[in-house]
Amino acid sequence: MQVEKLEKIVPEVIQKLSKLKSGEKLAEELSWCWVSFQNDKNPVGLIEKSQQALVLFKEAREKNPKAVAKKLVESFENALN
């Protein structure tokens, strides 16, 4: 997990999740986990919610490739690895 990259990409991910009909609740959870991670440096919740977000993004891209930018998905995956 690359914290510097996550700092740049997580706000974009949260914004995109909030725009997806099925991602609003996950956006709130990821936002909470991100703030929690910044405070306590425990990545467990952040990783779990990030993986859920990636799954949701990939499902959205299967239905409509323009729903979520490929670059966003790739950058997010990259930051998590």
Side-chain angles (χ1 to χ4, degrees):
M1 188 170 81
Q2 300 174 17
V3 177
E4 302 83 28
K5 289 184 179 182
L6 282 174
E7 288 175 348
K8 293 178 183 176
I9 197 80
V10 167
E12 285 182 58
V13 169
I14 292 169
Q15 184 179 19
K16 180 52 86 173
L17 281 172
S18 64
K19 291 180 181 178
L20 294 174
K21 293 178 185 175
S22 57
E24 294 169 345
K25 185 175 188 289
L26 184 55
E28 293 171 8
E29 292 170 348
L30 182 60
S31 178
W32 186 89
C33 288
W34 176 243
V35 172
S36 175
F37 170 74
Q38 289 176 319
N39 290 323
D40 64 14
K41 303 300 181 211
N42 183 347
V44 175
L46 178 63
I47 291 170
E48 179 184 331
K49 296 302 174 184
S50 295
Q51 290 171 341
Q52 291 175 8
L54 280 172
V55 169
L56 186 67
F57 284 169
K58 289 177 181 180
E59 288 173 357
R61 282 191 53 77
E62 284 178 19
K63 293 176 186 173
N64 178 4
K66 293 183 180 182
V68 180
K70 182 179 180 182
K71 183 178 179 186
L72 177 63
V73 174
E74 289 173 350
S75 296
F76 194 35
E77 283 179 323
N78 213 7
L80 289 170
N81 291 330

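The model shown is predicted, which means the values in this text are computed figures rather than measured ones.
Between L54 and V73, the shortest heavy-atom contact is CD2-O, 3.9 Å. Heavy-atom minimum distance, S50 versus L30: OG-CD1, 3.7 Å. Contact detail for M1 and I47: the closest heavy-atom pair is SD-CG1, 3.9 Å. Shortest non-hydrogen contact noted between A60 and A67 is O-CB, 3.9 Å. Closest approach of I14 to S31, counting heavy atoms only: CD1-CA, 3.5 Å.
The stretch residues 9-19 participates, sequence neighbours left out, in no side-chain hydrogen bond (donor to acceptor under 3.5 Å, both in side chains) pair at all. Pairs engaging residues 57-73 under the side-chain hydrogen bond (donor to acceptor under 3.5 Å, both in side chains) rule: K58-E77 [sequence neighbours left out]. Among residue pairs with one or both ends in residues 28-41, those qualifying as salt bridge (charged side-chain N to carboxylate O under 4.0 Å, His left out) are K25-E29, E29-K49; sequence neighbours excluded.
If you chain together hydrophobic residues whose side chains sit under 4.5 Å apart, V3 and V13 fall into the same group.
Side-chain atoms of L56 and Q52, non-hydrogen and from C-beta on, never get closer than 4.5 Å to each other. By the 4.5 Å heavy-atom criterion applied to side chains, L20 and L26 are not counted as neighbours.
By the side-chain contact (heavy atoms from CB on, under 4.5 Å) test, N78 is found to be paired with K5, residues two or more places apart in sequence or in another chain being considered. Residues passing the side-chain contact (heavy atoms from CB on, under 4.5 Å) test with K8, sequence neighbours excluded: none. Remark: F37 engages W34 in a ring-ring contact (aromatic ring centres under 6.0 Å, His included) (not counting sequence neighbours).
Rounded to the nearest 0.5 angstrom, I9 CD1 and L72 CG are separated by 4.5 Å.
Side chain of S36 to main chain of W32: no donor-acceptor pair is present (N/O by atom type, distance under 3.5 Å, no hydrogens or angles).
Counting Ile, Leu, Val, Met, Phe, Trp and Tyr side chains that sit under 4.5 Å apart, directly or through other members, V35 stands alone, with no cluster partners.
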